Amino acid sequence: MALTKEQIAKRIAQELQDGFYVNLGIGIPTLVANYIPEGVDVVLQSENGLLGMGPFPYEGEEDPDLINAGKQTVTTIPGSAFFDSAMSFGMIRAGKVDLTVLGAMEVADNGDIANWKIPKKLVKGMGGAMDLVAAAKNIIVAMQHTNPKGESKLLPKCTLPITGVHCIKKVVTDLGVFDITPEGFRCIEYAPGVTVDEIKTKTLGRLVIADDVKEMVV
Amino acid sequence: MALTKEQIAKRIAQELQDGFYVNLGIGIPTLVANYIPEGVDVVLQSENGLLGMGPFPYEGEEDPDLINAGKQTVTTIPGSAFFDSAMSFGMIRAGKVDLTVLGAMEVADNGDIANWKIPKKLVKGMGGAMDLVAAAKNIIVAMQHTNPKGESKLLPKCTLPITGVHCIKKVVTDLGVFDITPEGFRCIEYAPGVTVDEIKTKTLGRLVIADDVKEMVV
Amino acid sequence: MKKVVSGADEAIHDIPSGATLMMGGFGLCGIPENCIAAIVKKGINNLTCISNNAGVDDFGIGLMLHKRQVKKMISSYVGENAEFERQLLSGELEVDLIPQGTLATRCMAAGYGMPAVWLLAGIGTEVAEGKEIRNFNGKEYLLEMAFDADFAIVKAWKGDTQGNLIFKGTARNFSPLMAMAGKVTIAEVEHLVPVGELDPNEIHVPGIYVHRIFQGKDYEKRIENRTVRKKG
Amino acid sequence: MKKVVSGADEAIHDIPSGATLMMGGFGLCGIPENCIAAIVKKGINNLTCISNNAGVDDFGIGLMLHKRQVKKMISSYVGENAEFERQLLSGELEVDLIPQGTLATRCMAAGYGMPAVWLLAGIGTEVAEGKEIRNFNGKEYLLEMAFDADFAIVKAWKGDTQGNLIFKGTARNFSPLMAMAGKVTIAEVEHLVPVGELDPNEIHVPGIYVHRIFQGKDYEKRIENRTVRKKG
């Protein structure tokens, strides 16, 4: 069985290490915050100017002056700090954020990512995505393995306008976990109930199966 | 009679306009703060990170965390703000400071200034002087007309290593007030008791006497 | 030091049609509501707006778009606005989409007197087209120019009569950077206080950068994406 | 998040001889007294110090100079120090004098991930020698490189266990910029408080930039140039 969005988020949460500063993008990445392992202390960065983002507020406690980069109302945890957008992207650019988790439309087997534009349809803009992928030292993509038409999103080359080059380190999809290596996507885990053959069928980019590939624990 | 240092400062204070943000250098420029005309509201900037510098503290009220760029203990006035050194020079560079008053060793008739280094003697460093002269939109030099040997400090060309090029707009010395113009130093005022001939004798750079030259009022 | 003006109408009275405006805010958070209303009322047009977002259909810069006052938007994300989409597709509106950090840093550069900055974002993408690229220490950077805005318009939480500003929460975002970058900077504040009331250690934008300031009123502070959890 | 260390000795324990250090402070104002004492005690040498000033003979970085721990000073003004002068004239000490705003901005560039900046200061002077010059909008600018420091050592007024820092008065100066620029940043603070005690709107340096923090002690806070007026 392919993973649910929540399970993808849960698997990515296993990558978190104590002391990490983490930026979570919109969509599945946002859910990662719900699965931070016990005993692991991470600080969430929101690129609109907040370190120490907490959970969504209780109903009636929303503060219009306190939102995340997805414009959702949020809260802060003790030890948080606010700053302007230049400092926010400054710390991203300077490599101070340990891990960035982003959604994607396409990922190429060389680590390129496309997640901001579909030509001919309306362009909404790249927001902070191009800054994040250009500068973050460790980027994991969280996405479905295939698009709604069933086509692979793990490609030999992005077909959509790219957001950044050679920047993705790891991809977690509903089918498995893939490191980006010089040989292409290296499958190190498959989802429970998913076969390596299914992954091979649904992956268009170069794919290698790790010798010690194993079933994902989520 | 040539002006005293206090009189030079007092004359420069006449250049202050209501609402000016002003940076005063070390030496005679510092004295300008004592002669701000009645009804003229200026804010003093100190490039170590303070807007709204007040007078020296009363004895016993010195705060080691509150100094000016000359490392003197100072106070703040209501409405002051502290900031870091990058923002401080940022506002200088962006032309937000209306007037800068500096001392000088030499000024050339094209507006070059030398005030940071005497070769073969110890070099103490330029501090913020190079930033100020490169960026300030309106710079007045306050200095003695001649050096201790009696040699003119208003020159056709600086002989010392320069601090900045084509940047000085006006010079106030113990002998007079001089605008820097394409024709060189333009004497617009002479000190009480000083003759235009004395100024001519003691000025090595190109000098023109304004048609409406008049005695300084201090 | 006569920076305090009576309100938004006076603050924006001399903004001409065709001006370039920086407008603070992220989404609908921290936007200068009073000034936007006054600009809509004044009816100037052909404006170029540098703002991270373009508001929603009936709030924020969306109100200016609705009146067709905007010729060009320079933003990082504009995806919340049907009227925007219509004008863009019909060719009535130009849009220059740039990465969010680049937008912020090009504002900062202007306020810090830096003519241009070297930035990573967009290398290898269409954003890099036509731009100078240089390798520093093994990484490629784009040369991005400082913005040049006639007016910066921001909303702060607190301000004093000298123009010192303090922002609250994530309503800070681009506003301090823009306040420092404008040739003329206009600040509307939720709380206008006498000089001396703000702690000089806590100022986000020193008054030297602010030319006009006024006590704002009737803030709606609309929430774009209300997200809550249940108690218990 | 285990950033709190026992004191200066632990904070600086792994600084090797030959390291490049940024050290906050302007004159003697806001200098990291505890760390300087620990570095003197540890006896490492061949250090490169990026610091606006070099202390005085018997205080601040002057103490490190006295022990001949410094190979090179990168400063804007060093004129308060006879031992400094002696070592410079004898060739024991290298010194790189750069304009103060350039020093500050090269620190900021490092903390903001910008490899280089275009700055006005020094155009037409010996500071410009060998540097790239470019004309933007009719003015000439020098290309100045971001600093690359192994350690940044600063003193803050207040800090929390997460590393968030707040500075007081003009003791702020270069310290926030350096704190953001160091590969490893060490902060000594006058008041170390639990997380949650500092207002998140008032933080000057967010904890993400700070790797080690400790409660400082026995601050002398020497005044370099005591200037007072008489009462009455």
Side-chain angles (χ1 to χ4, degrees), chain A residues 26 30 46-50 53 55-76 80 82-93 112-114 116-117 122-136 161-167, chain C residues 26-30 52-54 75-80 84-85 88-89 95 97-109 111 119-127 139 157 167-177 204 219-232:
Chain A
I26 297 167
T30 301
S46 189
E47 68 265 27
N48 55 320
L50 166 59
M53 183 166 61
F56 298 125
Y58 290 118
E59 206 161 340
E61 295 179 4
E62 311 91 319
D63 178 353
D65 291 330
L66 184 43
I67 65 171
N68 65 15
K71 291 152 195 160
Q72 297 170 304
T73 43
V74 293
T75 58
T76 57
S80 62
F82 297 111
F83 35 85
D84 66 50
S85 301
M87 185 184 282
S88 187
F89 285 95
M91 66 183 66
I92 290 166
R93 230 183 273 124
D112 289 0
I113 177 175
W116 80 282
K117 185 177 185 177
L122 181 67
V123 179
K124 290 167 185 278
M126 67 291 282
M130 278 195 186
D131 308 273
L132 282 160
V133 300
I162 63 172
T163 312
V165 290
H166 307 304
C167 51
Chain C
F26 182 94
L28 302 181
C29 181
N52 190 57
N53 311 91
S75 303
S76 87
Y77 190 83
V78 291
E80 326 281 7
F84 185 97
E85 181 174 352
L88 182 59
L89 294 174
V95 61
L97 289 172
I98 60 180
Q100 195 175 134
T102 299
L103 180 69
T105 312
R106 290 174 65 187
C107 291
M108 184 177 78
L119 298 177
L120 286 168
I123 283 287
T125 77
E126 63 184 57
V127 163
K139 268 193 203 173
W157 180 39
F167 298 85
K168 178 164 160 278
T170 56
R172 192 182 316 181
N173 56 66
F174 293 83
S175 297
L177 307 164
H204 296 140
Y219 284 107
E220 177 180 343
K221 290 204 192 184
R222 193 185 296 187
I223 291 174
E224 196 164 346
N225 197 347
R226 187 178 304 270
T227 313
V228 297
R229 60 184 158 146
K230 295 271 178 244
K231 264 187 180 146

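All values derive from a computational prediction rather than experimental measurement. Chain identifiers are assigned alphabetically (A, B, ...) following the order of the sequence lines, protein sequences preceding nucleic acid strands; residue numbering begins at 1 within each chain.
A donor-acceptor contact shorter than 3.5 Å is absent between the side chain of Thr125(C) and the backbone of Gly164(A). Panel note: side chain Thr170(C), backbone Gly49(A); no donor-acceptor pair is recorded below 3.5 Å. A distance-only check finds no donor-acceptor pair linking the side chain of Asp84(A) to the backbone of Arg172(C) [under 3.5 Å]. A donor-acceptor distance shorter than 3.5 angstrom exists from the side chain of Asn225(C) to the backbone of Gly70(A), with no hydrogens or angles considered.
Look at Lys221(C) and Glu62(A) and you find no salt bridge, because none of the NZ, NE, NH1 or NH2 atoms lies under 4.0 Å from a carboxylate O.
For the salt bridge (charged side-chain N to carboxylate O under 4.0 Å, His left out) with Glu59(A), the lone residue among Arg229(C), Lys230(C), Arg226(C) that qualifies is Lys230(C).
For the options Ala104(C), Ala171(C), Gly169(C), heavy-atom pairs under 4.5 Å to chain A are most numerous at Gly169(C). In terms of heavy-atom pairs under 4.5 angstrom with chain C, the leader among Gly60(A), Gly128(A), Ser85(A), Ala69(A) is Ser85(A). Comparing Ala134(A), Ser80(A), Gly90(A), Ala135(A) by how many heavy-atom pairs each has under 4.5 Å with chain C, the most go to Ala134(A). Taking Ala54(C), Cys107(C), Gly27(C), Cys29(C) one by one and counting their heavy-atom pairs under 4.5 Å with chain A, the maximum is reached by Cys29(C). With respect to chain C, the highest number of heavy-atom pairs below 4.5 Å among Ser88(A), Ala114(A), Gly125(A) belongs to Gly125(A).
Only the side chain of Asn53(C) comes within less than 4.5 Å of a heavy atom of chain A; its backbone N, CA, C and O stay farther away. Contacts of Asp112(A) with chain C are absent, with no heavy-atom separation under 4.5 Å from either backbone or side chain. Only the side chain of Phe89(A) comes within contact range of chain C, with heavy atoms under 4.5 Å apart. The parts of Glu47(A) that come within reach of chain C are both its backbone and its side chain, each placing non-hydrogen atoms under 4.5 angstrom from that chain. For chain A, no part of Leu103(C) is nearby; none of its heavy atoms comes within less than 4.5 Å. Heavy atoms of Thr163(A) lying under 4.5 Å from chain C belong exclusively to its backbone.
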Margin query: Please evaluate residues Met126(A) and Val127(C) with respect to the criterion side chain to side chain contact (heavy atoms under 4.5 Å, CB included), reporting the C-alpha separation (whole Å), side-chain torsions for both, the decisive distance (0.1 Å), and the verdict.
Written below: CA-CA 10 Å; Met126(A) 67 291 282; Val127(C) 163; 3.8 Å; yes
Notebook entry, point to check: Stepwise, does the side chain to side chain contact (heavy atoms under 4.5 Å, CB included) test hold for Glu126(C) with Trp116(A)?
Noted result: CA-CA 11 Å; Glu126(C) 63 184 57; Trp116(A) 80 282; 3.6 Å; yes
Next item on the list: Given side chain to side chain contact (heavy atoms under 4.5 Å, CB included), test Leu97(C) with Lys117(A) step by step and report yes or no.
Entry: CA-CA 11 Å; Leu97(C) 289 172; Lys117(A) 185 177 185 177; over 6 Å; no
Next item on the list: Go through Tyr77(C) and Lys71(A) one step at a time and tell me if the side chain to side chain contact (heavy atoms under 4.5 Å, CB included) criterion holds.
Entry: CA-CA 12 Å; Tyr77(C) 190 83; Lys71(A) 291 152 195 160; 3.6 Å; yes
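The CD atom of Gln100(C) sits 8.5 Å away from atom CG of Leu132(A), with the distance rounded to the nearest 0.5 Å. From Ile67(A), atom CD1 reaches atom CG of Leu28(C) across 8.0 Å, with rounding to the nearest 0.5 Å. Separation of atoms CG (Leu66(A)) and CD1 (Ile223(C)) is listed at 10.0 Å; rounding is to 0.5 Å.
Side-chain contact check for Asp63(A) versus Lys168(C): some heavy-atom pair is nearer than 4.5 Å. Counting heavy atoms from C-beta on, the side chains of Thr102(C) and Met130(A) never come closer than 4.5 Å.
Scanning both residues, Phe26(C) and Asn68(A), for their nearest heavy atoms gives CE2-O, 3.9 Å. Considering all non-hydrogen atoms of both residues, Thr73(A) and Thr227(C) come closest at OG1-O, 2.6 Å. Between Lys124(A) and Gly79(C), the shortest heavy-atom distance links the atoms NZ-O, 3.3 Å.
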